[in-house]
Protein chains: 2
Amino acid sequence: MKEGPDIARVAALLGDPARANMLTVLMSGRALTAAELAQEAGVTPQTASSHLAKLESGQIVVPRKQGRHRYFTLSGPDIVEALEVLMGIANRVGHNRVRTGPKYPELRKARVCYDHLAGDMGVALFDGLAKRKLIASDVNGVALTPAGIDFATMFGIDLDGLRAKRRPLCRECLDWSARQSHLAGSFGAALLDRFYDLGWARRVPESRIVRFSDTGEKSFRDLINP
Amino acid sequence: MKEGPDIARVAALLGDPARANMLTVLMSGRALTAAELAQEAGVTPQTASSHLAKLESGQIVVPRKQGRHRYFTLSGPDIVEALEVLMGIANRVGHNRVRTGPKYPELRKARVCYDHLAGDMGVALFDGLAKRKLIASDVNGVALTPAGIDFATMFGIDLDGLRAKRRPLCRECLDWSARQSHLAGSFGAALLDRFYDLGWARRVPESRIVRFSDTGEKSFRDLINP
DNA sequence: TTCATAGTTCGATGCTAATCGAAGCATTGA
DNA sequence: TCAATGCTTCGATTAGCATCGAACTATGAA
């Protein structure tokens with residue numbers, strides 16, 4: 001008997017097309033109902049129920065009841081990270097499900113990864129913050145520098161409020177499409193919320209795509225490369 | 001039909017106990033034969049052959065023939081990263097295969113992750129280098145600072161030789177046991193080789209455990225926290 | 001040349017898991 | 001109170017996959 005973590009059990013939970021579809025759509029960070037997940041997965045509610053029971057038992061998703069609705073979310077950012085890494089591998093080895101249309105390039109450009117910005121613009125954000133020395137390495141991956149703290153305050157982000165949460169301010173997340181890192185963590189999430197608030201970007205409904213306006217993208221570029 | 005990378009196919013490849021055992025042992029960075037992998041996986045050579053064919057077809061492992069032996073290695077560092085992330089999840093959700101004995105704590109303390117140091121000491125290494133400002137964030141995660149370049153030279157590492165290789169000098173790798181990052185990349189690998197050369201540490205045969213001598217561990221602690 | 005070893009292929013077996021129709025339970029709205 | 005909706009459970013069906021004994025192929029040593 002081998003010792004250590006049983007990765008086969010976790011991987012097997014992710015390794016079914018229906019469950020993978022559910023988890024992928026949950027990467028948007030939004031809670032979804034069992035019926036919605038069934039539809040996204042392309043299976044009947046009975047089948048979806050069976051899959052969700054497995055995911056819940058394996059602590060991959062967390063349920064929450066509200067009347068007769070049952071909402072599900074991913075159980076932690078490590079699930080998002082696993083899915084991103086697996087997407088990167090699938091992309092490299094050519095296991096892609098391709099449908100002609102504009103959405104795929106848009107997903108690569110800017111999308112939500114759980115609650116923060118991913119895609120080429122997410123990577124550019126990370127790069128720009130590092131180049132401006134607003135973030136730097138530490139044992140948790142990345143942390144805000146003193147200059148970064150000033151910047152956050154000037155940019156309208158309540159750092160004290162973020163620190164009150166039980167999650168790291170900054171965390172590095174591997175971006176499958178760019179094969180580089182973007183910024184996760186509560187600060188990363190707050191930045192994306194701020195872009196929404198400023199009107200620079202908005203979520204495309206029923207999708208993980210984040211669409212920047214022309215002026216929003218210009219402001220974004222100015223922010224990371226003044 | 002959903003567009004994008006087909007993570008279910010990749011995850012399914014990892015989601016079989018026999019295949020997961022093979023991949024885990026390949027995380028040591030060494031090439032292993034089909035017979036060795038069969039033994040590690042606890043299956044017959046026929047079964048191992050079948051599994052290896054799937055892993056090869058899915059570009060998870062790369063084969064190399066040498067006489068009548070067929071050696072296998074992991075196809076890239078992203079596979080290592082995927083396995084580490086899955087181990088982290090398995091650890092968090094309690095999917096552990098536990099065997100009483102000394103090895104598990106030793107695996108957590110110091111082990112090889114493909115070709116670099118992982119475990120608590122790997123995380124301490126990362127932390128120490130960051131605190132000494134020898135590494136810093138950049139778009140690829142981490143990079144050597146100018147002070148870090150000086151340090152590497154003084155420590156006996158041929159950076160020019162490393163740069164000649166087609167892989168990043170520094171890369172961040174999530175450590176499942178510590179839930180923090182350790183240092184991968186060619187520089188990370190060179191550091192571990194240097195620890196071996198200096199006699200500070202050695203590989204435990206047939207295992208991923210890296211065992212530091214008492215004086216070696218003291219030198220290591222002095223290095224990261226002078 | 002012959003024998004031993006490494007590894008693969010073939011075919012059979014058995015098990016697991018995904019699927020859904022039918023039925024049932026819990027909750028909400030009329 | 002009753003009907004509608006969301007969701008789960010039950011049971012049957014089917015497909016896929018892991019397993020290994022037997023046989024085969026390729027390579028190396030005697």
Side-chain angles (χ1 to χ4, degrees), chain A residues 1-2 6-26 30-73 95 97 206, chain B residues 1-2 6-26 30-73 95 97 206:
Chain A
M1 147 88 100
K2 304 294 177 188
D6 188 354
I7 62 174
R9 284 180 72 184
V10 177
L13 284 170
L14 313 188
D16 172 85
R19 290 197 292 273
N21 280 337
M22 292 178 187
L23 297 175
T24 299
V25 73
L26 287 173
R30 288 180 297 195
L32 292 172
T33 66
E36 289 165 334
L37 291 170
Q39 192 167 357
E40 286 293 334
V43 294
T44 63
Q46 305 93 292
T47 304
S49 237
S50 168
H51 284 308
L52 285 167
K54 288 184 168 181
L55 291 172
E56 183 183 343
S57 168
Q59 298 183 53
I60 304 296
V61 299
V62 177
R64 193 178 71 240
K65 293 199 77 169
Q66 196 173 327
R68 61 188 168 200
H69 292 288
R70 282 191 87 207
Y71 286 89
F72 293 87
T73 55
H95 290 165
R97 299 167 299 178
E206 307 305 305
Chain B
M1 149 88 99
K2 306 294 178 187
D6 189 353
I7 62 174
R9 285 179 71 184
V10 177
L13 284 170
L14 313 186
D16 173 84
R19 292 196 292 273
N21 281 337
M22 293 178 187
L23 297 175
T24 300
V25 74
L26 286 174
R30 289 179 295 193
L32 293 172
T33 66
E36 290 165 332
L37 291 170
Q39 191 167 356
E40 287 293 334
V43 295
T44 64
Q46 307 91 291
T47 304
S49 238
S50 169
H51 284 308
L52 286 167
K54 285 184 168 179
L55 291 172
E56 184 183 343
S57 168
Q59 299 183 53
I60 304 297
V61 299
V62 176
R64 192 179 70 241
K65 292 200 78 171
Q66 195 174 329
R68 60 188 171 203
H69 292 290
R70 283 191 85 206
Y71 287 89
F72 293 87
T73 54
H95 289 164
R97 302 168 297 179
E206 307 306 304

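A, B, ... follow the sequence lines: proteins, then strands. Residue 1 opens every chain. All values reported here derive from a predicted model rather than from experimental measurement. Only heavy atoms go into these numbers, but all of them, side chains included; no hydrogens, no water, no symmetry mates.
Rounded to an integer number of Å, the gap from CG of A:Leu52 to P of C:dA17 is 17 Å. We find that CD of A:Gln39 is positioned 17 Å from C1' of C:dC20, with the value rounded to whole Å. Separating the CG atom of B:Leu37 from the C1' atom of C:dT8 is a distance of 15 Å, rounded to the nearest angstrom. Distance CZ (B:Arg70) to P (D:dT25): 18 Å, rounded to an integer number of Å. A:Phe72 places its CZ atom 15 Å from the P atom of D:dG6, with the value rounded to the nearest Å. We find that CG of B:Asp16 is positioned 17 Å from P of D:dG16, with the value rounded to whole Å. Following rounding to the nearest Å, B:Gln46 (CD) and D:dT25 (P) show an atom-to-atom distance of 16 Å. Rounded to an integer number of Å, the gap from B:Leu55 CG to D:dC17 C1' is 14 Å.
Of the candidate nucleotides D:dC7, D:dT19, D:dC17, D:dC7 has the atom lying nearest to any side-chain atom of A:Ala35.
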Report task. Take A:Val43 and A:Asn21 through the side-chain contact (heavy atoms from CB on, under 4.5 Å) test and state the conclusion after the steps. Result -> CA-CA 10 Å; A:Val43 294; A:Asn21 280 337; over 6 Å; no
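Along DNA chain C, the nucleotide closest to A:Ala48 and the one closest to A:Gly67 are compared, and the more 5′ of them pairs with A:Ala48.
The phosphate of C:dG29 has neither OP1 nor OP2 within less than 4.0 Å of any side-chain N or O from A:Arg68. Residue A:Ser49 places no side-chain N or O under 4.0 Å from the OP1 or OP2 atom of D:dC7. Phosphate proximity of D:dT19 to B:Thr44: absent, as no side-chain N or O sits under 4.0 Å from OP1 or OP2. Using a 4.0 Å cut-off, some side-chain N or O of B:His69 falls inside it from OP1 or OP2 of C:dG7.
Between B:Glu56 and B:Arg70 a salt bridge is recorded (basic side-chain N to carboxylate O distance below 4.0 Å).
Using a distance-only test at 3.5 Å, with no hydrogens or angles considered, no donor-acceptor pair links the side chain of A:Arg19 to the main chain of A:His51. Listed for the B:Thr24 side chain is a donor-acceptor partner under 3.5 Å among the backbone atoms of B:Ala20.
For the side-chain contact (heavy atoms from CB on, under 4.5 Å) with A:Phe72, the lone residue among A:Ile60, A:Leu55, A:Leu52 that qualifies is A:Leu52.
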